2 protein chains.
Amino acid sequence: MKLADAKKQFIASWGAFGTHWGINRTMAQIHALLLVSADPLSQDDLMLELSISRGNANMNIRELIDWGLVDRVIIPGERKEYFSAEKDIWKVATQIVKERKKRELNPMMKLLDQLEDVDGDKKDKHVKQFTDTVTSIKRFGTQADKMLDVLVKADENWFVGSLMKFFK
Amino acid sequence: MKLADAKKQFIASWGAFGTHWGINRTMAQIHALLLVSADPLSQDDLMLELSISRGNANMNIRELIDWGLVDRVIIPGERKEYFSAEKDIWKVATQIVKERKKRELNPMMKLLDQLEDVDGDKKDKHVKQFTDTVTSIKRFGTQADKMLDVLVKADENWFVGSLMKFFK
DNA sequence: CTGAATTTTCAAAACTTATTGAAAGAATGT
DNA sequence: ACATTCTTTCAATAAGTTTTGAAAATTCAG
């Protein structure tokens, strides 16, 4: 397969993939293109290669920077801003985990705390089912939270090395 | 807080949460309601409590069954079908992991296999960056795949017990 | 069988989210 | 301070997704 075609396929698939992972299609496509580009690209490069508008490019680049997946790069002597993606996939993954934990898991945990004590007879089976469910989700969430924290802080070699003893 | 209000909040939040996890809002709301209900509910119960149409209820219930998160329950002497959700959150989580692995990770891995060998000079930095990226995503994906397999097959106590030695 | 109860389907409508592009705002070199 | 280049904003629009509801299909008891 030719490089240009392979790139196109990769970008299209990474884009579709991204929509399942809390990142929108265009954002994921920009990310994909930067991942496979040897050099940093400018906003105009991205607009051209992906056929997207200036506003769209701008918004999604900024969101990628917000997620910590893309960096602004200054090229001396150039007026334009350039962008490059973190290429270490382990870092990409932990960064995504970190962000989603902050954006999704933490708020949910906070809500569950509030829902844990409802009024009414703890013996009533409806009350009981509700609090049991909330409590068990909370327990699960707390554990997931801890695990993900360690994951995010761990460096790849330590982590994978340790786990592979279990996961053979 | 009153039970009815707490339920409403829980359903609304679980619905919003679900959209980030590959499940649509209504599907997640139905799931939430079943999770906190002591007894199985009929399609009409769900329509009434969540104010959704028959078609919507039907489609989403079937999709939840498809995901393995909800079961049909036959109540003797009743003509209607009833539905109940798996209440063990660990099982819910592993079920979701299993499905998403099948729906997302596996197809992506298959694609990457194809993209790994592009034509052209391996010394060309553009070709090199592309294949390096694809290869490293593949390596990462393969490892994630293995880990998730073990996770899905593990029973909760074994898994959490073992890992908590690391993750304290 | 027949007919009532229940479930499923699907085209149209409503809603949600993403994208455009032109205009306003900053930054930079002279 | 001005002109130029580049970046950001945002209201309008387009695209995509979900929901509805009525009609068709299925199930089941008598």
Side-chain angles (χ1 to χ4, degrees), chain A residues 11-34 40-67 69-84 100 103-104, chain B residues 11-34 40-67 70-84 103-104:
Chain A
I11 290 167
S13 310
W14 197 252
F17 201 60
T19 61
H20 298 294
W21 286 91
I23 273 179
N24 83 28
R25 184 182 315 285
T26 305
M27 216 189 303
Q29 287 180 351
I30 293 173
H31 188 225
L33 177 52
L34 291 173
L41 302 179
S42 69
Q43 182 166 291
D44 292 271
D45 295 334
L46 294 168
M47 288 164 57
L48 199 71
E49 282 231 44
L50 302 174
S51 314
I52 57 176
S53 71
R54 185 166 299 286
N56 197 10
N58 194 270
M59 269 188 51
N60 284 295
I61 291 168
R62 274 181 308 118
E63 192 132 12
L64 282 164
I65 292 173
D66 226 56
W67 275 75
L69 298 173
V70 163
D71 289 323
R72 284 176 211 277
V73 174
I74 304 300
I75 295 193
E78 286 268 17
R79 182 99 175 246
K80 277 192 201 127
E81 290 180 325
Y82 283 74
F83 304 96
S84 79
R100 297 196 62 182
R103 293 165 195 228
E104 296 160 31
Chain B
I11 290 166
S13 311
W14 198 252
F17 201 59
T19 61
H20 297 294
W21 287 90
I23 274 179
N24 83 27
R25 186 183 310 289
T26 305
M27 215 191 301
Q29 286 180 352
I30 293 173
H31 187 224
L33 178 52
L34 291 173
L41 302 179
S42 69
Q43 181 166 293
D44 292 273
D45 294 335
L46 293 168
M47 288 164 58
L48 199 71
E49 282 231 46
L50 301 174
S51 314
I52 57 175
S53 72
R54 184 166 301 285
N56 197 9
N58 194 270
M59 271 189 48
N60 284 295
I61 289 168
R62 273 180 310 119
E63 192 131 14
L64 281 164
I65 291 172
D66 226 56
W67 275 76
V70 163
D71 290 323
R72 284 175 209 278
V73 174
I74 304 299
I75 295 192
E78 287 268 17
R79 181 97 175 249
K80 277 193 200 123
E81 292 180 324
Y82 284 74
F83 304 96
S84 78
R103 293 166 195 227
E104 296 160 32

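Keep in mind it's a predicted model, so treat the numbers as computed, not measured.
- A donor-acceptor pair is defined here as one N or O able to donate and one able to accept, closer than 3.5 Å; no such pair exists between the side chain of B:D66 and the backbone of B:E63.
- No donor-acceptor pair under 3.5 Å is formed between the side chain of B:N58 and the backbone N or O of B:G55.
- Side-chain atoms of A:R79 and base atoms of D:dT5 include a donor and an acceptor less than 3.5 Å apart.
- When each of A:R54 and A:R25 is assigned the nucleotide of DNA chain D with its nearest heavy atom, A:R54 is the one assigned upstream, toward the 5' end.
- Each of B:L46, B:L50, B:N56 was compared with B:T26 under the side-chain contact (heavy atoms from CB on, under 4.5 Å) criterion, and only B:N56 meets it.
- When rounded to the nearest whole Å, the span between CE of A:M47 and C1' of C:dT19 equals 12 Å.
- If you measure from atom CG of B:N56 to atom C1' of C:dT16, you get 15 Å, rounded to the nearest angstrom.
- Closest to the A:R72 side chain, of the nucleotides C:dT6, D:dT8, D:dT20, is D:dT8.
- If you measure from atom CD1 of B:I52 to atom P of C:dT8, you get 14 Å, rounded to the nearest angstrom.
- A:S42 comes within 4.0 angstrom of nothing in the nucleic acid, heavy atoms only.
- Atom CD1 in B:I61 sits about 12 Å away from atom C1' in C:dT8, given to the nearest Å.
- With A:I30 as the partner, the side-chain contact (heavy atoms from CB on, under 4.5 Å) test is satisfied by one option alone out of A:I52, A:I23, A:I11, A:V70: A:I52.
- Across all strands, B:N24 comes closer than 4.0 Å only to sugar-phosphate atoms, never to a base (heavy-atom distances).
- Within the nucleic acid shown, A:R62 comes within 4.0 Å of sugar-phosphate atoms alone, with no base atom in reach, counting heavy atoms only.
- Of the candidate nucleotides D:dT18, C:dT19, C:dT6, C:dT6 has the atom nearest to the side chain of B:K80.
- Between the CD1 atom of B:I75 and the C1' atom of C:dT6 there is a distance of 15 Å, given to the nearest Å.
- Remark: the backbone N or O of A:G22 is not paired with any side-chain donor or acceptor of A:R103 at under 3.5 angstrom.
- Listed nucleotides: C:dT9, C:dT19, D:dT19. Nearest to the side chain of A:T26: C:dT19.
- Nucleotide C:dT7 holds its P atom 7 Å from the CG atom of B:D44, rounded to whole Å.
- Using a 4.0 Å cut-off, no side-chain N or O of A:N58 falls inside it from OP1 or OP2 of D:dT7.
- The CD1-P distance, from A:I65 to D:dT8, rounds to 8 Å in whole Å.
- Among the protein residues, A:E81 comes within range of the sugar-phosphate backbone only, with heavy atoms under 4.0 Å from sugar or phosphate atoms but none that close to a base.
- Nucleotides of DNA chain C nearest to B:Y82 and A:M59 differ in position, and the one nearer the 5' end is that of B:Y82.
- B:I74 has its CD1 atom 12 Å from the C1' atom of C:dT7, to the nearest Å.
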